[in-house]
Amino acid sequence: QVQLVESGGGLVQAGGSLRLSCAASGRTFSSYAMDWFRQAPGKEREFVAAISSGGANTRYADSVKGRFTISRDNAKNTVYLQMNSLKLEDTAVYYCAVDTVGYIRREIRKTDFAFWGQGTQVTVSS
């Protein structure tokens, strides 16, 4: 069993920054890739960012590239999402998920992730 707990969400003005954290337990965290997804009201959950098991490789959705940075601290079993230059359209519930492989998949699908956190709300205001 894997437990993921996200934190760091909140209300921020457009142009501001937030740092999300996802603390993992119950599995060898350092062996698996980790991803962030988000889901806005009325929309499907979408991929945001991914990081390989050792942290050497990352991937981002085009919509956040250059503004968001994913990182991880395997000693703390935690993955982070630094979000800068936030836009209104970044408003969503953000979820972390643990993959079953250590590399970033060529095609990232929600169905590949068995364990999810409860989500943390990010609201960007004008």
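Everything numeric here is computed off the predicted structure, so don't read it as measured data. Throughout, numbering of the chain's residues begins at 1 and tracks the sequence.
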Next on the checklist: Measuring only between side-chain heavy atoms, which start at C-beta, is Ser126 closer than 4.5 Å to Leu88?
Outcome noted: yes
Next on the checklist: With rounding to the nearest 0.5 angstrom, report the CD to SG distance, Glu6 to Cys22.
Outcome noted: 5.0 Å
Checklist entry - Distance-only, no hydrogens or angles: does the Asn84 side chain make a donor-acceptor pair with backbone N or O of Gly15 under 3.5 Å? => result no
Next on the checklist: Is any side-chain heavy atom of Ile108 closer than 4.5 Å to one of Ile104?
Outcome noted: yes
Checklist entry - If you measure only the distance, is there a donor-acceptor pair under 3.5 Å linking the side chains of Arg19 and Ser7? => result no
Checklist entry - Under a single-linkage definition using a 4.5 Å side-chain heavy-atom cutoff for Ile, Leu, Val, Met, Phe, Trp and Tyr, are Met34 and Val2 assigned to the same hydrophobic cluster? => result yes
Next on the checklist: Please check: side-chain N/O of Arg59 versus main-chain N/O of Arg105, any donor-acceptor pairing under 3.5 Å?
Outcome noted: yes
Item to check | Transitive ILVMFWY side-chain link Val79 to Phe47, under 4.5 Å | outcome: no
Item to check | Trp36 side chain reached by Cys96 side chain, heavy atoms, under 4.5 Å | outcome: yes
Checklist outcome for this item: Closest non-hydrogen contact found for Ser53 with Ser30 is CB-O, 3.2 Å
Checklist entry - Quick one: do Val122 and Tyr60 end up in the same hydrophobic cluster if we chain Ile, Leu, Val, Met, Phe, Trp and Tyr together by side-chain heavy atoms under 4.5 Å apart? => result yes
Checklist entry - On the ring face of Phe29, is Arg72 found with NZ or CZ under 6.0 Å from the centre and within 45° of the axis? => result yes
Checklist entry - Are Phe37 and Trp116 close enough that their ring centres sit under 6.0 Å apart? => result yes
Checklist entry - CG/Asp73 to OH/Tyr80 distance, rounded to the nearest 0.5 angstrom? => result 5.0 Å
Checklist entry - What closest approach, in Å, do Val98 and Leu4 show between heavy atoms, and which atom pair accounts for it? => result N-CD1, 3.9 Å
Checklist entry - Is any side-chain heavy atom of Arg67 less than 4.5 Å from a side-chain heavy atom of Met83? => result no
Item to check | Cation-pi, Tyr95 ring and Arg38 (6.0 angstrom, 45 degrees) | outcome: no
Checklist entry - What distance do Tyr103 atom OH and Tyr32 atom OH have between them, rounded to the nearest 0.5 Å? => result 12.0 Å
Checklist entry - With a 4.5 Å heavy-atom cut-off, do Leu81 and Val48 have their side chains touching? => result yes
Item to check | Path from Leu18 to Leu11 over hydrophobic side-chain contacts below 4.5 Å | outcome: no
Checklist entry - Quick one: does Gln82's side chain have a donor or acceptor within less than 3.5 Å of a partner on Ile70's backbone? => result no
Checklist entry - Which atoms form the tightest heavy-atom contact between Ser21 and Thr78, and what is the distance? => result CB-CG2, 4.2 Å
Next on the checklist: Counting neighbours of NZ on Lys43 that are heavy atoms of other residues, nucleotides or ligands and sit closer than 6.0 Å, is the number greater than 12?
Outcome noted: no
Next on the checklist: Check this for me: Gln118, atom CD, are more than 12 non-hydrogen atoms of other residues, nucleotides or ligands nearer than 6.0 Å?
Outcome noted: yes
Checklist entry - Is there side-chain contact between Glu46 and Lys110, with heavy atoms separated by less than 4.5 Å? => result no
Checklist entry - Is any side-chain heavy atom of Thr100 less than 4.5 Å from a side-chain heavy atom of Phe113? => result no
Item to check | Test item: side-chain donor near acceptor, Thr91 and Glu89, under 3.5 Å | outcome: no
Item to check | Side-chain donor/acceptor of Ser52 to backbone N/O of Asn57, under 3.5 Å | outcome: yes
Checklist entry - Are any of the side-chain heavy atoms of Val124 and Lys87 separated by less than 4.5 Å? => result no
